[in-house]
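Heavy atoms only: backbone and side chains are in, while hydrogens, waters and symmetry mates are out. Residue numbering restarts at 1 for every chain, and letters A, B, ... go by the order of the sequence lines.
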2 protein chains.
Amino acid sequence: MTQASRRDSPVTRDEVVDTALRLIEDHDVTALTMRRLAAELGVAVTSIYWHVGNRDALLDLLVERLLADMGDVRPAGRTPRARITSLLRQWRQRLWDRPHLIAVAHERGQTAAMFQPLQAALSAELRTVGLLGREAANAIRVLQVHVVSSVVMARAAERGPDTNPTDPSVWATSGGDEDLVAALAEPLDYDEVFTMGVDALLDKLVPAS
Amino acid sequence: MTQASRRDSPVTRDEVVDTALRLIEDHDVTALTMRRLAAELGVAVTSIYWHVGNRDALLDLLVERLLADMGDVRPAGRTPRARITSLLRQWRQRLWDRPHLIAVAHERGQTAAMFQPLQAALSAELRTVGLLGREAANAIRVLQVHVVSSVVMARAAERGPDTNPTDPSVWATSGGDEDLVAALAEPLDYDEVFTMGVDALLDKLVPAS
DNA sequence: ACCTGAACACCGTTCAAGT
DNA sequence: ACCTGAACACCGTTCAAGT
């Protein structure tokens, strides 16, 4: 836990935020306690309150920093469809990379703000294929929904307790499709599911060129 | 907070679980503290430990009960496609109705177990339209992912702070599609987004009859 | 400007003791 | 079988006091 000893230089606000960020990303939100943070920084608990106000305000600062990071968007590809796909992939990766911090943003009602840059980029692409207004707005939400859930599901699958391999009573209605049961029990390539979904959605949403 | 006074009859394990459930559904997980639970029941904190072990074990009991509830599945409709849609709608409603408890199940890695009944029901329907094995498994996951995220997003939109109406710098690239920006700022009919997504996915996944 | 310890009201949990 | 209070190690936060 890197219990830093008493220090000579003053702590800075940025240093507090950095350390808090590290605690969260290395473990999860519950690892961020004011007392532990203080210990990491080699300072008394109460000193932190001088720099950031309180725990809630500190979390706000972390989310603020996350939102700034999410503002950097760069679609790649020649066709609009390729660029849309690349945007969705990029966002999916981001959600995957920083689960704990994103959970914090979500808890604090900042999910919408977090996705605004993606929405703006998508709207630009959809515009080039003739999708505007309400139609474009709905398309954007459907795609966004798909990205989020693909990550949520993949994460859940990763943490779940082996998806109780075969509970016969539950599967009774499947009519004995053993291949299916086996396929669902497999660790699975969630990337394939994601891509399938994106293709299906784009086929429907984006007018053929 | 219904601070029950000291009681004469013994507490039962079910009573503990019921009260815990109420605390969580009325507020959220953080509202479930052992001390508060004890106060509600009119008993000493330590008494609860006798009945359920500890807080973690209590949460397990709650999740167990949720999973039992989720086992009841009844698709409605004449065509397979209608039944699939009804299944997805039913599941969406369930997720919407019990957000706190479902969050608990998710935290405890029970998401996969929670969805197993849906998966079984979907696989039965897909079978009747000729989708089997790995193909069916992927379809099931795509659909499941869609249901989950549609709820997650709708909930996020509901809680978000008005989706900062218009931040010009972010929207600069949208090329001035004001209808779109307005549509995205609207509270929005997430039901429409959900339906759009389901239709798009089914068009792609389910072979035309 | 920056840090400190003491104090308060909360947690979950264990344990020995009661009936 | 069921409940109790005391005790411990944790929380976040406020405040008066130090330099």
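None of A:Gln93, A:Arg89, A:Arg92 except one satisfies the side chain to side chain contact (heavy atoms under 4.5 Å, CB included) rule with A:Val147; the exception is A:Arg92.
Rounding to whole angstrom units, CZ of residue B:Arg36 and C1' of C:dA9 are separated by 15 Å. Rounded to an integer number of Å, the gap from B:Leu37 CG to C:dT13 P is 12 Å. The distance between atom CZ of A:Arg7 and atom C1' of C:dC2, rounded to the nearest whole Å, is 12 Å. Here the P atom of nucleotide C:dC2 and the CG atom of A:Leu41 are 15 Å apart, to the nearest Å. Taking atom CG of A:Asp8 as the reference point, atom C1' of D:dT19 lies 16 Å away to the nearest angstrom.
In terms of heavy-atom proximity, B:Gly77 sits nearest to B:Arg83 at O-NH1, 2.9 Å.
A salt bridge links B:Glu192 with A:Arg134; the closest basic N to acidic carboxylate O contact falls under 4.0 Å. Between A:Arg108 and A:Glu64 no salt bridge is recorded (no basic side-chain N to carboxylate O distance below 4.0 Å).
A residue-by-residue look at A:Arg35 and A:Ile48 shows that A:Ile48 has its nearest nucleotide of DNA chain C further toward the 5' end.
When distances are taken from the side chain of A:Asn54 to each of D:dA1, D:dT13, C:dC2, the shortest belongs to D:dT13. The side chain of A:Trp50 lies closest to C:dA1, out of D:dC3, C:dA1, C:dT13. Of the candidates C:dC3, D:dT13, D:dT4, the closest approach to any side-chain atom of A:Val43 belongs to C:dC3. Distances were taken from every side-chain heavy atom of B:Thr46 (C-beta onward) to each of D:dG5, C:dC3, D:dT13; the shortest belongs to D:dG5. In this structure, of C:dC11, C:dC2, D:dT14, it is D:dT14 that holds the atom nearest to the side chain of A:Tyr49. Across C:dG12, C:dT4, D:dC2, the shortest atom-to-atom separation from the side chain of B:Met34 is found for C:dG12.
Between the side chains of A:Thr30 and A:Asp28, at least one donor-acceptor pair of N or O atoms lies under 3.5 Å.
Annotated stems with DNA chain C as a participant read C:4-8 with D:12-16, C:12-16 with D:4-8, given as range with range, by first number; only runs of 3 or more Watson-Crick or G-U pairs under 3.5 Å qualify.
Between B:Asp60 and B:Gln110 the shortest side-chain heavy-atom distance does not fall below 4.5 Å. Counting only heavy atoms from C-beta outward, the side chains of A:Val151 and A:Phe194 never approach each other to under 4.5 Å.
Among the heavy atoms of the strands lying under 4.0 Å from A:Ser47 is at least one base atom, whether or not backbone atoms are also near. Backbone-only engagement by B:Leu32 is indicated by non-hydrogen atom pairs under 4.0 Å involving sugar-phosphate atoms exclusively.
Checking the phosphate oxygens (OP1, OP2) of C:dC3, a side-chain nitrogen or oxygen of A:His51 falls inside 4.0 Å.
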